[in-house]
Amino acid sequence: MKIGIVCYPTFGGSGVVATELGKALAKEGHQVHFITYSQPSRLDFLNENLFYHEVEFRSYPLFEYPPYELALASKMVSVVMNEHLDLLHVHYAIPHASAAYMAKQILLKTHGIYIPVVTTLHGTDITLVGKDASYEPVVTFSINESDGVTSVSEDLKKETYHSFKITREIEVIPNFIDLEKFKKQKKDHFKKAICPQGESLIVHTSNFRKVKRVGDVMSVFNNIHKEIPSKLLMIGDGPERSGAEAMAREMGINDAVRFLGKQEAVEEVLSVADLFLMPSEKESFGLAALEAMACEVPVISTNTGGLPELMIQGVTGFMSNIGDVEDMTRNSLFVLDKNNLPRFKASALARAKEFDITNILPLYEQYYEKVLKKARVNRSAETTS
Ligand code: GMT
């Protein structure tokens, strides 16, 4: 198959999923064309089936906001035509699904080409941004006009039906992990440098937006630190970082907390971690938690969104209500107890293995086949009528 993948090329979860999916499809022999505004951060290896098409969008004195969506739609049109793509797969509905709709109409009306579009819903495109009145009509329309729609969890599917007037079937295909890349590595020197006295190491990774509740990470860690020798690594960057740094100073724990910023090799940091904290307000799946579990790190999270579909309560870690810092603290101390930690680590890995990319990739391939078949049937019905 020749597949065009559209995504945000940055550190966000949807871009990671899209890029890892594209890489895996290319390894299986499909031709994959990434269409994005910069090189996806995880597009890090050479493969004869992988291509990258940069969306150029020009600034102009009239444009306070350059119309990226138009440049993206135009690029999709040219890539579909030049590369004879079979299908476009867009990740994160805004603005990718509506740009794909526009490209689809141009291809059909101007060139007689029908390009099926699959839209994957990831999270805040539905739960936060998408349902805002300023976007809702376009999001609803472009989801309904997609030839196929997938969501990364049952919860997100439910939320989509609840918040939008959706007329088509949504297929749940959970996120996945490449266990070749995300596995516990021997990084003793790094652990020793961070935790010279054998302290417990707690890790949080995110894009430090409000929904991640990094303030709760600081509060839970502050409580843990009062009870046991421990260190916290904060990975990533975003609007809430300086507030979290200020909290660390005010709590008097800034010697125990390190803010590492954005990191390419998250798996190396996770390899030395004992516990992962994810106190998010919303989390449609929780890919960062799965990455931690694959590196044998138990997770303390909230019970929001799709997290209960990933986590097993009391087995891979624990889930608490949003904002229940005391419960998260109690659970963290229980997991970190040396009599408990080994079994939590083993269970986290066992659960992560169920989301191995080799189990999930065929679900996408089968779904593409289904969408292509349906599009072919619809087209032939249209031309004969
Ligand atoms: O919100 C983010 O952290 C980024 C966002 C994205 O779309 O880039 O992540 C969402 O998609 C991820 C991949 O499917 C999921 O693992 C995250 O749970 C989801 N984030 C939220 O729902 C807040």
Side-chain angles (χ1 to χ4, degrees), residues 5-22 24 36-38 40-42 89-97 118-132 135 139 143 149-160 162-163 170-178 182 204-214 216-217 234-241 262 266 276-294 299 301-311 319 322 351-352 355 357 360-361 363-364:
I5 292 188
V6 177
C7 65
Y8 283 107
T10 48
F11 280 78
S14 61
V16 170
V17 169
T19 313
E20 295 296 343
L21 175 63
T36 57
Y37 60 76
S38 67
S41 56
R42 292 233 183 140
H89 186 177
V90 304
H91 292 258
Y92 204 90
I94 305 171
H96 302 148
V118 171
T119 298
T120 290
L121 311 173
H122 279 274
T124 50
D125 46 351
I126 296 300
T127 57
L128 212 66
V129 195
K131 63 185 182 196
D132 188 277
Y135 295 114
V139 173
I143 290 175
V149 183
T150 75
S151 98
V152 298
S153 64
E154 286 291 343
D155 185 80
L156 184 61
K157 173 179 170 174
K158 226 185 282 160
E159 174 89 25
T160 308
H162 177 77
S163 303
I170 299 175
E171 178 98 353
V172 175
I173 303 183
N175 284 338
F176 51 80
I177 190 87
D178 179 355
F182 280 88
H204 170 79
T205 70
S206 77
N207 42 23
F208 287 63
R209 284 171 306 148
K210 256 198 161 53
V211 287
K212 302 294 176 181
R213 294 183 68 96
V214 286
D216 286 357
V217 175
M234 299 288 280
I235 299 166
D237 216 326
E240 301 294 306
R241 175 173 168 174
K262 288 177 184 167
V266 182
F276 187 82
L277 292 181
M278 182 178 256
S280 306
E281 187 172 324
K282 290 183 191 299
E283 208 62 71
S284 65
F285 179 85
L287 184 64
L290 175 57
E291 291 179 345
M293 286 154 68
V299 175
S301 75
T302 48
N303 50 15
T304 187
L307 283 168
E309 295 168 49
L310 169 65
M311 300 268 297
M319 293 171 283
I322 296 164
R351 179 67 174 153
F355 295 86
I357 189 159
I360 309 298
L361 186 67
L363 304 181
Y364 273 112

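Given the structure is predicted, the values throughout are model-derived calculations rather than measurements. Every number for a ligand or one of its atoms is a count from 1 in the order of the listing.
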Practice item. Over 60° means perpendicular and under 30° means parallel, so classify the ring planes of Y364 and F176, tilted if in between. Key: perpendicular
Review point. Do the ring planes of F276 and H204 sit parallel (below 30°), tilted (30 to 60°) or perpendicular (above 60°)?
Key: parallel
Check your understanding: Is there a donor-acceptor contact under 3.5 Å linking the side chains of T119 and H96?
Key -> no
Review point. Is E283 paired with K212 through a side-chain N to carboxylate O contact shorter than 4.0 Å?
Key: yes
**Study point:** N/O donor-acceptor pair under 3.5 Å between T120 side chain and H91 backbone
**Key:** no
Check your understanding: Hey, does the side chain of S284 reach the backbone of H122 with a donor-acceptor pair shorter than 3.5 angstrom?
Key -> yes
Exercise for review: Mind jotting down which protein residues get a heavy-atom contact under 4.0 Å with ligand 1? Chain and number order, please.
Suggested key: G12, G13, S14, V17, Y92, H122, G123, T124, V152, N175, N207, R209, K212, K282, E283, S284, F285, G286, L287
